[in-house]
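Here is the structure we will look at.
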Amino acid sequence: MTKRTKEILALLDEKYSREYKCYLNHETAWQLLIATILSAQCTDARVNIVTKDLFQKYDSIEKFANAELSKLEQDIKTTGFYHNKAKNIILCCRKLLDEYQGEVPRTIEELTSLAGVGRKTANVIRGNIYHEPSIVVDTHVKRISKRLGFTKEEDPEKIEYELMKVLPKEHWILYNIQIITFGRNICYARSPKCEECFMQKYCTEYKGINRKHQGKNEE
DNA sequence: CTCCCGATAT
DNA sequence: ATATCAGGAG
């Protein structure tokens, strides 16, 4: 690990909690799995609003597996992409029952074989439920890892492997949640709060005081 | 690469 | 009006 990387991780540890706190409300592994499927291109705040009622109405994997598609679509509608998500959740839960005895599997291969579950969702489960070191590359991790100069890749899977080489294993899970918090509070995709950012020194896009991020319409 | 898609901030 | 939000499948 380079000195620069060590300093960035120290700054994150200093600013944000070192304890892992998931932003998607859940009580069980299968609830986190469904919440994460719903979180695609949707804010975690919106997902939590939906799952609050959803997990009372559907209080088991069986309920989701036997759900009526059009009903479930309406129940998750406000998360967007609701046709795909509803269909995937039903298929996913049926497979959990048919092939995994209702247990959420542990490996990337098994997890990504479930409908609606890609690498990002699989890594959320592995990190959060099974406490396996894993890099979750979501929109925040992608954007901010590029700004911090950890990667220049566009493909989330390539970014995942690159971050594995750069970051020590003990920080993999922590990095994910700290970067999301950083992205929510300061390092926005649009109009990030660069002037009050504690990461200025390490940002490849910071242009200096009184300048907009990425240098559009300057001077 | 395209499509899926509602809610919110700018 | 447009960009963005804890992406995934065909």
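Every value quoted in this text rests on a predicted model; they were computed, and no experiment measured them. Quick note on labels: first sequence line is chain A, next is B, and so on, each numbered from 1.
Nucleotides B/dG6 and C/dG10 are separated by 22 Å at their C1' atoms, to the nearest Å. Atom name P, nucleotides C/dA6 and B/dT10: the rounded distance is 14 Å, in whole Å. For the C1' atom pair drawn from B/dC4 and C/dT4, the interatomic distance equals 16 Å after rounding to whole Å. For the C1' atom pair drawn from B/dC5 and C/dT2, the interatomic distance equals 15 Å after rounding to whole Å.
Judged by distance alone, the side chains of A/Tyr23 and A/Asn48 never bring a donor and an acceptor atom under 3.5 Å apart.
Between atom CD of residue A/Gln200 and atom OH of residue A/Tyr206 there is a gap of 3.5 Å, rounded to the nearest 0.5 Å. Separating the CD1 atom in A/Ile8 from the OH atom in A/Tyr175 is a distance of 8.0 Å, to the nearest 0.5 Å.
Salt bridge absent: A/Asp53 and A/Lys57 never bring a charged side-chain N and a carboxylate O closer than 4.0 Å.
Atom CD in A/Gln41 sits about 6 Å away from atom P in C/dG7, given to the nearest Å. Atoms CZ (A/Phe182) and P (C/dA6) sit 15 Å apart, rounded to a whole Å. The interatomic distance linking A/Ile159 (CD1) with C/dG7 (C1') rounds to 13 Å, in whole Å. One atom, CD1 of A/Ile37, and another, C1' of C/dA9, lie 13 Å apart when rounded to the nearest Å. In this structure, A/Ile173 places its CD1 atom 20 Å from P of C/dA6, rounding to the nearest Å. Between the P atom of C/dC5 and the CD1 atom of A/Ile76 lies a distance of 20 Å, rounded to the nearest Å. Atom CD in A/Glu157 sits about 15 Å away from atom C1' in C/dA9, given to the nearest Å. Regarding A/Ile144, its CD1 atom lies at a distance of 13 Å from the C1' atom of C/dT4, rounded to whole Å.
Nearest-nucleotide positions on DNA chain C place A/Tyr188 closer to the 5' end than the other of A/Ala122 and A/Tyr188. Ranked by how close their nearest DNA chain C nucleotide is to the 5' end, A/Ser39 and A/Thr112 are led by A/Ser39.
Listed candidates were B/dC4, C/dC5, C/dA6. Nearest to the side chain of A/Ala189 is C/dC5. Closest approach to the A/Thr78 side chain among B/dA7, B/dC5, C/dA6 is made by B/dA7 (side chain taken as heavy atoms from C-beta onward). The side chain of A/Lys77 lies closest to B/dG6, out of B/dG6, C/dG7, B/dC4. Taking the side chain of A/Arg190 as heavy atoms from C-beta on, and the options C/dA6, C/dT4, B/dA7, the nearest nucleotide is C/dT4. Of the candidate nucleotides C/dA9, B/dG6, B/dC5, C/dA9 has the atom lying nearest to any side-chain atom of A/Asn88. Side-chain proximity of A/His83 to the nucleotides C/dG7, C/dC5, B/dC5 is greatest for B/dC5.
Among the protein residues, A/Arg143 comes within range of the sugar-phosphate backbone only, with heavy atoms under 4.0 Å from sugar or phosphate atoms but none that close to a base. The residue A/Tyr23 sits close to a base: some heavy atom pair falls under 4.0 Å. Note on A/Val47: nothing from the nucleic acid sits closer than 4.0 angstrom, heavy atoms only. Using a 4.0 Å heavy-atom criterion, one finds that A/Thr36 contacts no nucleic acid atom at all. Residue A/Leu38 is out of contact with every strand shown, counting any heavy-atom pair closer than 4.0 Å.
For the pair A/Pro168 and A/Met1, the tightest heavy-atom approach, listed with the atom from each and the gap, is CD-SD, 3.5 Å.
OP1 or OP2 of C/dG8 sits under 4.0 Å from a side-chain N or O of A/Thr121. Between A/Thr139 and the phosphate of C/dC5, there is a side-chain N or O to OP1/OP2 separation shorter than 4.0 Å.
For an aromatic pair to be called close, the ring centres must be under 6.0 Å apart, and A/Phe182 with A/Phe198 satisfies this.
Residues A/Met199 and A/Val166 share a single hydrophobic cluster, defined by chaining ILVMFWY side chains whose heavy atoms lie under 4.5 Å apart.
Residue A/Phe81 and nucleotide C/dG7 are classified as a stacked aromatic pair, their ring centres being separated by less than 5.5 Å at an interplanar angle below 30°.
The base of B/dA7 is not paired with the side chain of A/Arg46 by any donor and acceptor separated by under 3.5 Å.
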